[in-house]
Amino acid sequence: MDQIMYDEINPKTLYVGNLSEGVTEALLLVLFGKIGTCKCCKIIHEPGNDPYAFVEFVDGTSAAAALAAMNKRMVLGKEMKVNWAASPSTAPKQDTSKHFHVFVGDLSSDIEQHQLRDAFSMYGEISDCKIIRDPATMKSKGYGFVSFVNKAEAETAISGMNNQWLGTRPIRTNWATRKPLAPMVKENAKNPFFLR
């Protein structure tokens, strides 16, 4: 458990997307190895999508330096997109179901998870923070969620951050809510004759 928490706080693996077909693992290791010692590199080729890779560094400081230096760098005619790799969903997570979830909308596509967390951290203890991404492209869908342990802190964050500029545009904040049933389904669910 300590190891997972440590990795969450001090990540060492980068996601490298929008790669040219000609990019090899050896090339990435040379490029990223100039910034810090790389532990390993894996390129993933999926039919119909650009190749993408994961580069793991020996330490988090090198990974952070590589993220800053390599994002948007042109390699073989394409601009690489470098980001922190998302933690595997199999990792045990803190149960945040009883926490207070804030919806954050109208996010700039260039906003990263750590920037979102930093922007809201002044309001209180954050238990979880995520930007929702398209699983195929890893591009931001333009919204995310920030979870607070304390309800009053979440309320203050909602009122304090609504219409604040984050990146290139103002964001919207509100309580995160589960999608309600469609009105038609609700009506019919109450109607005892619906099933006939």
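Only this structure's heavy atoms are used, side chains among them; waters, hydrogens and symmetry mates stay out. Nothing fancy with the numbering, it's 1 onward along the sequence. Computed from a predicted model, the values in this text were never measured in an experiment.
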Those residues that, when tested against [X], pass side-chain hydrogen bond (donor to acceptor under 3.5 Å, both in side chains) (two or more places apart):
X	answer
S108	T168
N174	none
Y52	E46

Do [X] and [Y] have side chains that get closer than 4.5 Å, going by heavy atoms?
X	Y	result
Y15	W84	no
V82	F32	yes
V75	L31	yes
N150	E125	no

Which pair of non-hydrogen atoms, one from [X] and one from [Y], has the smallest distance, and what is that distance?
X	Y	value
F120	A157	CD2-CB, 3.9 Å
K12	G60	CG-N, 3.7 Å
C129	I126	CB-CG2, 4.3 Å
F148	E153	CD2-CB, 4.1 Å

>> Can you tell me if K78 has over 12 outside heavy atoms packed within less than 6.0 Å of its NZ?
In response: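 Check passes, neighbour count above 12.
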Taking side chain to side chain contact (heavy atoms under 4.5 Å, CB included) as the definition, give me every residue that meets it alongside [X], ordered by chain and number, with sequence neighbours left out.
X	value
K141	I132, D134, Y143
Q164	M161
R133	N83, E112, I131, M138, S140
L29	C38, C41

[X]-[Y] co-clustered via ILVMFWY side chain contacts under 4.5 Å:
X	Y	answer
F145	I171	no
M122	I111	yes
V104	W175	yes
V16	L76	yes

>> Please report the interatomic distance CG(D50) to CD1(I44), rounded to the nearest 0.5 Å.
In response: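 These two atoms lie 13.5 Å from each other.
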Could you list the donor-acceptor pairs under 3.5 angstrom formed by side chains in residues 18-25, with sequence neighbours left out?
from, atom 1, to, atom 2, distance (Å)
N18, ND2, E79, O, 2.7
S20, OG, G22, N, 3.2
T24, OG1, L27, N, 3.0
E25, OE2, I43, N, 2.8

> Checking side-chain contact (heavy atoms from CB on, under 4.5 Å) for the pair Y123/V146: CA distance, chi angles, key distance, verdict?
Replying inline: CA-CA 11 Å; Y123 291 97; V146 180; over 6 Å; no
> Does T13 reach the main-chain N or O of E56 with its side chain, forming a donor-acceptor pair under 3.5 Å?
Replying inline: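 No; judged by distance alone, with no hydrogens or angles, the pair does not exist.
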> Is a side-chain donor or acceptor of R169 paired with a backbone partner of L107 at a separation under 3.5 angstrom?
Replying inline: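 Here the side-chain-to-backbone pair exists.
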>> Under a plain distance cut-off of 3.5 Å, with no hydrogens placed, do H99 and S147 share a side-chain donor-acceptor pair?
In response: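 Judged by distance alone, the side chains do not pair up.
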>> For D59 and S62, which I'm curious about, is there any donor-acceptor pair between the side chains at under 3.5 Å?
In response: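 Yes, a side-chain donor-acceptor pair sits under 3.5 Å.
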Residues forming a salt bridge (charged side-chain N to carboxylate O under 4.0 Å, His left out) with [X], sequence neighbours excluded:
X	answer
D106	R172
K130	D128
E155	none
D110	none

